[in-house]
There are 2 protein chains.
Amino acid sequence: MGKSNTKSKFKDFLLTQGLKSTNQRELILEEFLRAGSHLSTEDLYLRLRMKNPRIGYATVHRTLKLFAECGIAEQRHFGDGQARYEASAQDEHHDHLICISCGKIVEFEDSRIEELQMEVAGEHGFSIERHRLELYGYCSSCSTSI
Amino acid sequence: MGKSNTKSKFKDFLLTQGLKSTNQRELILEEFLRAGSHLSTEDLYLRLRMKNPRIGYATVHRTLKLFAECGIAEQRHFGDGQARYEASAQDEHHDHLICISCGKIVEFEDSRIEELQMEVAGEHGFSIERHRLELYGYCSSCSTSI
DNA sequence: CGCCTAGTTGAAAACGGATTTCAATTTAAA
DNA sequence: TTTAAATTGAAATCCGTTTTCAACTAGGCG
Ligand SMILES: [Mn+2]
Ligand SMILES: [Mn+2]
Ligand SMILES: [Zn+2]
Ligand SMILES: [Zn+2]
């Protein structure tokens, strides 16, 4: 999904929810789309502060939750105790490879795994709403440098 | 692994680490093995308090960490913001199906999924140390009662 | 046995990220 | 404009986790 597309989706969301368009919300979305993925609230807050010291942490926090509610962002947890957010690609799902040495995050998607997950869930009578698959290990750079 | 086997493994661990065997540690291990799996620290603490009001939360917390360090327990996070512990089965790994309605947790293991995970990781140059696969949805009881 | 010392305990405090409060401010509908 | 409702940001609060610290063992040694 393009940036302008995402922005209009958020605008629509605000309208339909009876919420207001504000300068802060625009700045935060702008920076969120500009910055790389998997940012914590703190990460984004610090980036925003450099350009505009008038933005509060609470507003960044609340706005990221709005992004998630609206469907333009997804919240993730990679086990370090803080939430991270990434822009949603339309309908596309992916899982993560995480380097436990340097923190590098690689995204992947494997339909065979997804199918097997559904199969296993079915065998246990579960209907799956969402899942989480994270592979933790060493990336190639960190493996060779040991 | 049998209960007595687990207990002696913990005793050995304490010895080799220069730690001491205490009444609290014995009571906590006893109750941990008696109680069902996927207990939070608070869960275990409350169970222990009923029988012995002289056990402190901090001790339960510290002892569960010792169990994990020793290898007789594993810490899990199922997204509700609190750590849970379960007794380790020897060498056996499993993943989880979690009902988002009633909280029921079902364990499963699928070697085909595990293999595909290794394959995917290899394609990205990662060597995997551990992983986490959780399927969230509705169990059969909760599906039909809707 | 008692001593002695390192390890242990539990109440309370500190921690850290997430969330809420609230008075001042801004938005946008009327 | 006027006005009601939403938003903002600093600070307070929440809540599970972890640490502190003085009192209390466990267990090695004589
Ligand atoms: Mn991602
Ligand atoms: Mn389990
Ligand atoms: Zn790495
Ligand atoms: Zn259920």
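Keep in mind that what you see is a predicted model, and the values were worked out from it rather than measured. In what follows, chains carry the letters A, B, and so on, assigned in the order in which the sequence lines appear, proteins first and then strands, with residues in each chain numbered from 1.
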Axis-to-axis angle across the helix from C:dC1-D:dG30 to C:dA30-D:dT1, five pairs each end, nearest 10 degrees, ~ 20°

Would you call A:E107 and A:E86 a side-chain contact if the rule is heavy atoms closer than 4.5 Å?
yes

What is the distance from CG of A:L66 to P of D:dA6, rounded to the nearest Å?
13 Å

Is there a side-chain polar atom (N or O) of B:R25 under 4.0 Å from OP1 or OP2 of D:dA26?
no

Let me know the distance between CG of A:L48 and C1' of D:dT8, rounded to the nearest Å.
14 Å

With sequence neighbours left out, the residues meeting ring pair (Phe, Tyr, Trp, His ring centres under 6.0 Å) with A:F126 are none

Between D:dA6 (C1') and A:E26 (CD): distance, integer Å:
16 Å

Let me know, please, whether B:K20 or B:A83 comes out on the 5' side of the other along DNA chain D by nearest nucleotide.
B:A83

Could you tell me the separation between the NE2 atom of B:H61 and the P atom of C:dA12, rounded to a whole number of Å?
18 Å

Closest-nucleotide 5' rank along DNA chain C - winner of A:R62 and B:N23
B:N23

What nucleotide, of D:dT8, D:dT19, D:dT18, holds the atom closest to the side chain of B:Y57?
D:dT18

Verify the contact: side-chain N or O of B:Q24 to OP1 or OP2 of D:dT25, cut-off strictly under 4.0 Å; return yes or no.
no

note: A:I55, atom CD1; C:dT26, atom P; distance rounded to Å ~ 14 Å

Any side-chain N or O of B:Q82 under 4.0 Å from OP1/OP2 of D:dG16?
no

For A:Y136 and A:F78, indicate whether the former's side chain and the latter's backbone hold a donor-acceptor pair under 3.5 Å.
yes

Any sub-3.5 Å donor-acceptor pair from A:S88's side-chain atoms to A:G71's backbone N or O?
yes

Side-chain (A:D12) to main-chain (A:K9) donor-acceptor, under 3.5 angstrom
no

d(CZ, B:R49; C1', C:dT9) in whole Å
13 Å

If only atom types and distance count, is the side chain of B:R47 paired as donor or acceptor with the main-chain N or O of B:F32 below 3.5 Å?
no

Starting at CD of A:E42 and ending at P of C:dG16, how long is that distance when rounded to a whole Å?
12 Å

Send over the distance from B:K65 NZ to C:dT8 P, rounded to a whole Å.
14 Å

Touch class at under 4.0 angstrom, heavy-atom based, for A:S21 against every strand present:
sugar-phosphate

Do B:H77 and A:H77 meet the criterion of a side-chain donor-acceptor pair at a distance under 3.5 Å?
no

Ignoring the backbone of B:T22, work out which of D:dT17, D:dG9, C:dT8 is nearest its side chain.
C:dT8

